[in-house]
Protein chains: 2
Amino acid sequence: MARTAGSHSDITGPRVREAALSLFAQHGYAAVSMRQIAKDVGVQAGALYNYTPDKQSLLFDLLRGHMDELLTARAQERVPDTPLAQLEAFSKFHIRFHLERPLAVFISYMELRNLTPENFATIEELRRRYEGQLETILRDGHEAGAFHVVDTKITTLAIIAMLNGVNTWYRSGGRLSLPEVEAIYWDMVRKAVT
Amino acid sequence: MARTAGSHSDITGPRVREAALSLFAQHGYAAVSMRQIAKDVGVQAGALYNYTPDKQSLLFDLLRGHMDELLTARAQERVPDTPLAQLEAFSKFHIRFHLERPLAVFISYMELRNLTPENFATIEELRRRYEGQLETILRDGHEAGAFHVVDTKITTLAIIAMLNGVNTWYRSGGRLSLPEVEAIYWDMVRKAVT
DNA sequence: GCTTGATCTGAACAGGTGTTCAGTTAATCT
DNA sequence: AGATTAACTGAACACCTGTTCAGATCAAGC
């Protein structure tokens with residue numbers, strides 16, 4: 001046996017990435033074998049190497065793709081005039097974007113240590129760029145007298161951590177709708193900095 | 001060769017747990033082999049089995065030990081009268097306790113998925129018990145009119161997430177002292193709920 | 001209809017995995 | 001000093017790991 005009926009690169013390729021994303025999120029990068037991913041796709045392990053040079057690239061491409069999407073989506077958002085409105089837009093954007101991609105968000109935080117040093121540096125730089133946007137909003141708002149923040153850097157990290165926490169409990173179709181969640185978190189963020 | 005000079009159960013035992021904690025935190029449970037742990041201790045892999053029935057127990061004992069310490073330490077804290085003072089005490093206790101054990105905190109959040117279902121349920125119950133204390137404070141304060149919280153359960157998780165975030169950046173001997181960090185976070189928590 | 005190239009299989013590679021255990025040594029007890 | 005036992009080694013077990021590749025098969029282009 002060899003090539004199977006209906007096999008197509010543009011079908012198998014995405015399925016490999018989907019299977020890897022799902023399995024990495026469930027069990028962790030190190031705990032998932034190439035044979036498990038292959039089984040999920042319905043293919044032999046060797047066939048995966050038509051779509052990725054190695055296992056490490058599979059992880060790295062998922063993380064870089066996620067960060068690229070994040071920065072691109074953020075760049076397309078309208079930027080309001082006042083610091084307060086900017087902070088609201090950022091908070092709600094962050095929650096919405098993250099709730100739409102729970103698995104990618106999850107591995108983007110959990111699997112950083114399984115990246116090679118070079119790959120880690122790349123992802124870290126993208127993350128720094130994103131979080132820097134929040135820090136800029138806070139600093140501008142602080143200088144304009146709109147916010148009361150003791151330490152801009154730490155406040156940035158505290159807000160990001162709080163917003164990311166939403167992924168630990170939110171399940172779509174649950175008790176609260178997305179706008180309700182956005183409102184609750186924005187309420188807490190706003191009060192924490194004013 | 002066999003028993004080595006100076007070998008002692010009460011010395012090697014703790015060293016096995018320390019090595020496991022350190023390596024699990026660095027590379028993740030699944031990525032660390034028993035032979036790596038043994039090498040760190042300065043012993044052959046087989047000798048580890050004098051101190052743990054298997055690798056899974058090594059992880060579970062670390063997590064359960066951490067949660068036990070957390071609940072015990074919390075139970076020994078004085079409980080203030082007012083909800084606001086209780087929230088302050090909880091926030092500062094949480095930060096202090098977590099900053100003193102960065103590695104144990106780290107694996108307690110990262111390695112939950114590598115526990116067997118039974119072990120996971122045990123740890124989850126202990127965590128629920130701890131977080132329930134914060135939820136009780138928030139509910140009492142809400143009913144007494146001291147706090148303004150839209151959703152008690154979500155606020156609990158948001159605060160925990162924010163406080164846990166401190167472990168992602170704090171390094172002892174850094175720019176800020178422990179009391180300063182406590183003050184900054186308590187300031188944000190207080191404002192977020194009042 | 002035939003050729004060409006993309007797609008996949010199945011086996012193989014060298015090395016790593018958790019765990020067990022007979023045998024050996026060092027510390028302790030009498 | 002001699003016996004006992006706790007502590008450890010080193011080899012072995014069966015199996016899993018990421019990765020490679022010759023060969024088989026299907027889809028597409030002429």
Side-chain angles (χ1 to χ4, degrees), chain A residues 1-21 23-24 26-63 107 111 113-119, chain B residues 1-21 23-24 26-63 107 111 113-119:
Chain A
M1 276 164 278
R3 180 171 187 174
T4 57
S7 62
H8 274 295
S9 177
D10 42 347
I11 292 177
T12 309
R15 288 195 48 190
V16 169
R17 282 184 287 277
E18 283 164 27
L21 176 61
L23 289 170
F24 288 166
Q26 271 183 71
H27 310 291
Y29 173 79
V32 173
S33 72
M34 294 299 270
R35 283 173 180 82
Q36 286 176 55
I37 297 173
K39 191 171 188 178
D40 212 79
V41 176
V43 99
Q44 292 295 318
L48 297 181
Y49 290 85
N50 291 323
Y51 304 100
T52 181
D54 47 39
K55 193 187 176 191
Q56 167 72 205
S57 302
L58 208 44
L59 175 63
F60 177 61
D61 290 347
L62 288 173
L63 296 207
I107 67 165
E111 304 299 347
R113 61 182 167 187
N114 287 310
L115 292 172
T116 62
E118 303 82 32
N119 289 344
Chain B
M1 275 165 278
R3 181 169 188 176
T4 57
S7 62
H8 274 295
S9 178
D10 42 346
I11 291 177
T12 309
R15 289 195 47 190
V16 168
R17 283 184 288 278
E18 284 164 28
L21 176 62
L23 289 170
F24 289 167
Q26 271 183 71
H27 311 290
Y29 173 78
V32 173
S33 72
M34 294 299 270
R35 284 172 180 82
Q36 285 176 55
I37 298 172
K39 191 171 189 178
D40 212 78
V41 176
V43 99
Q44 292 295 319
L48 298 181
Y49 291 84
N50 290 323
Y51 305 99
T52 181
D54 47 39
K55 193 187 176 191
Q56 168 72 204
S57 302
L58 207 44
L59 175 62
F60 177 61
D61 289 346
L62 288 174
L63 296 207
I107 68 165
E111 304 300 347
R113 61 183 167 184
N114 288 309
L115 293 172
T116 63
E118 304 82 34
N119 289 344

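Letters go in sequence order (proteins before strands), and every chain restarts at 1. Being a predicted model, the structure only gives us computed values, none of them experimental.
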Distance (rounded to the nearest 0.5 Å) between [X] [atom1] and [Y] [atom2]:
X       : Y       : atom1 : atom2 : value
R15(B)  : D10(B)  : CZ    : CG    : 12.5 Å
L62(A)  : I107(A) : CG    : CD1   : 4.5 Å
N114(A) : L59(A)  : CG    : CG    : 6.5 Å
R17(B)  : Y51(B)  : CZ    : OH    : 10.0 Å

Apply salt bridge (Lys or Arg N to Asp or Glu O under 4.0 Å) to R113(A) and list each qualifying residue two or more places apart in sequence or on a separate chain.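 Checked R113(A) against salt bridge (Lys or Arg N to Asp or Glu O under 4.0 Å); matches are E111(B).
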
In whole Å, what is the span from the [atom1] atom of [X] to the [atom2] atom of [N]?
X      : N       : atom1 : atom2 : value
Q44(A) : dT7(C)  : CD    : P     : 18 Å
L48(B) : dT19(C) : CG    : P     : 10 Å
R15(B) : dA7(D)  : CZ    : P     : 15 Å
Y51(B) : dT19(C) : OH    : C1'   : 17 Å
I11(A) : dC8(C)  : CD1   : C1'   : 14 Å

Closest to the Y49(A) side chain: dG18(C), dC8(D), dT19(D)?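 Nearest listed nucleotide: dT19(D).
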
Residue A47(A), side-chain heavy atoms: nucleotide from dT19(C), dA7(D), dT9(C) that is nearest: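 Shortest atom-to-atom distance from the side chain points to dT9(C).
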
Check the phosphate of dA7(D) against T12(B), side-chain N and O only, distance under 4.0 Å to OP1 or OP2. Yes or no? no

Among residues 29-43 of chain B, which ones have heavy-atom contacts with DNA chain D below 4.0 Å?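 Correct list: R35(B), V43(B).
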
Suppose the criterion is salt bridge (Lys or Arg N to Asp or Glu O under 4.0 Å): which pairs have a residue in residues 36-62 of chain B, not counting sequence neighbours?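 Non-adjacent pairs meeting salt bridge (Lys or Arg N to Asp or Glu O under 4.0 Å): D61(B)-R64(B).
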
Please name all residues satisfying side chain to side chain donor-acceptor pair (under 3.5 Å) with Q56(B), sequence neighbours left out, ordered by chain then number.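 In terms of side chain to side chain donor-acceptor pair (under 3.5 Å), with neighbours along the sequence ignored, Q56(B) is linked to N119(B).
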
In numerical order, the residues of residues 54-63 of chain B whose heavy atoms come under 4.0 Å of DNA chain C are D54(B), K55(B)

Partner of L48(B) by side chain to side chain contact (heavy atoms under 4.5 Å, CB included), out of L58(B), V16(B), T12(B):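 Between L48(B) and the candidates, side chain to side chain contact (heavy atoms under 4.5 Å, CB included) is satisfied uniquely by V16(B).
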
